[in-house]
Amino acid sequence: MSNRSRREALRAQQRAQAEAARKKRIIVVTAIAAAFVLLLVGGGYAIWLNRDSISAGGGATPPDANDDASGIILYKGTAKPGARKVVVYQDYQCPWCKTFDQAFSSELLTRAKAGDIQLEYHTMTFLDTNLRNDASTRASVAASCADFAGQEQYVKMHDAIYANQPTTEGIGYSDQLLREQLPAQVGITGDALISYQRCYDNKSTKGFVVGMNDKAGRAGVTGTPTYFVDGTNVTDQLDYRDPTSIAKVLG
């Protein structure tokens, strides 16, 4: 082969190698770009999922919550200067909580409405773990969502939840009961019903509910029902068979 032929063959080989290298660079760049797009999309999807879970968990605080969001004040703003503070720790799946509530709530609500005491309900959810369901949480979400419809609706929802507590502990509350039946019973209608059901469906107050339970635990409350008056645990002084025992404690 002549020198000229050899040079032409070498140039042809170099051109082929350059073309192969160019194509390889294109493939690599394309792969990197695709991976970057997937990373962005995947990251965006993860962020979207996280945003949705935060929304579902909810960060709404009921209008009658106390200052540290550890409970709900009954007839907020009516307590007279120097009024005694009564705090009730409860769990909506707790049978004894229902018994104590039915024995003492009338006296407590009457005094709270008159401004003679500041009454707070701190609702716990630890029985969800014990009973392996989520009925305490959902019932507490329902009650706190009802507070947006008005204080009276909260009080009535609280009473209705206990009135419908299953006789067999652990069965829990159905979504239909909490979402459909009880709102109708307590008079939540129209736009207020739409807002209530949206709150319940989205678990908008779940963060508040979880916070109530956690703060109760940090306050040293290990069981329900537990009643405090001005920071003193008076539960042992109460006799559910004698509804006047709460009046005797309060004086």
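The figures here come from the full heavy-atom set of this structure, side chains too, leaving out hydrogens, waters and symmetry mates.
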Parallel, tilted or perpendicular: rings of Phe100 and Tyr240 (30°, 60°):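 Judged by the thresholds at 30° and 60°, the geometry between Tyr240 and Phe100 is tilted.
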Side chain to side chain donor-acceptor pair (under 3.5 Å) between Ser204 and Asn202, worked out: CA-CA 5 Å; Ser204 298; Asn202 292 335; 4.5 Å; no
Would you compute the distance between atom [atom1] of [X] and atom [atom2] of [Y] and round it to the nearest 0.5 angstrom?
X	Y	atom1	atom2	result
Leu182	Gln176	CG	CD	10.5 Å
Thr205	Asp147	OG1	CG	9.5 Å
His158	Gln90	NE2	CD	5.0 Å
Met157	Ser144	CE	OG	10.0 Å
Phe148	Ser195	CZ	OG	10.0 Å

Check whether any side-chain heavy atom of [X] sits under 4.5 Å from a side-chain heavy atom of [Y], and report yes or no.
X	Y	value
Gln197	Glu180	yes
Thr226	His122	no
Tyr200	Val141	yes
Pro225	Val88	no
Asn164	Leu178	no
Thr129	Phe126	no
Tyr154	Asp64	no
Glu169	Pro95	yes

Can you see which heavy atom on [X] is nearest to which on [Y], and at what distance?
X	Y	answer
Gly170	Asn133	O-ND2, 3.2 Å
Asp101	Asp159	OD2-OD1, 4.1 Å
Phe104	Pro243	CD2-O, 3.7 Å
Ile246	Leu108	CG1-CD2, 3.8 Å
Ala112	Leu74	CB-O, 4.3 Å
Cys94	Tyr162	O-CE2, 4.4 Å

Hphob cluster co-occupancy, Val234 + Leu119, side-chain heavy atoms under 4.5 angstrom: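 Linked within one cluster.
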ILVMFWY cluster, Tyr121 and Ile73 together (side-chain gap under 4.5 Å):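 Unlinked, Tyr121 and Ile73 end up in two clusters.
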Electrostatic pair Arg138:Asp134 at N-O distance under 4.0 angstrom: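 Salt bridge: yes.
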Heavy-atom neighbours of Asp191 CG exceed 12 at 6.0 Å: no
Residues, nucleotides or ligands: over 12 heavy atoms within 6.0 Å of Lys76 NZ: yes
Backbone of Tyr75 reached by a side-chain donor or acceptor of Gln151 within 3.5 Å: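 Judged by distance alone, yes, a pair lies under 3.5 Å.
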Asp239 and Ser245: CA distance, side-chain angles, deciding distance, side chain to side chain donor-acceptor pair (under 3.5 Å) verdict: CA-CA 6 Å; Asp239 183 351; Ser245 61; over 6 Å; no
Step-by-step side chain to side chain donor-acceptor pair (under 3.5 Å) determination, Asp242 to Thr244: CA-CA 5 Å; Asp242 178 14; Thr244 65; 2.5 Å; yes
Identified side-chain contact (heavy atoms from CB on, under 4.5 Å) partner of Tyr227 from the options Thr232, Thr235, Val87: Thr235
Residue pair Thr137, Asp128: steps toward the side chain to side chain donor-acceptor pair (under 3.5 Å) verdict: CA-CA 7 Å; Thr137 296; Asp128 282 350; 2.6 Å; yes
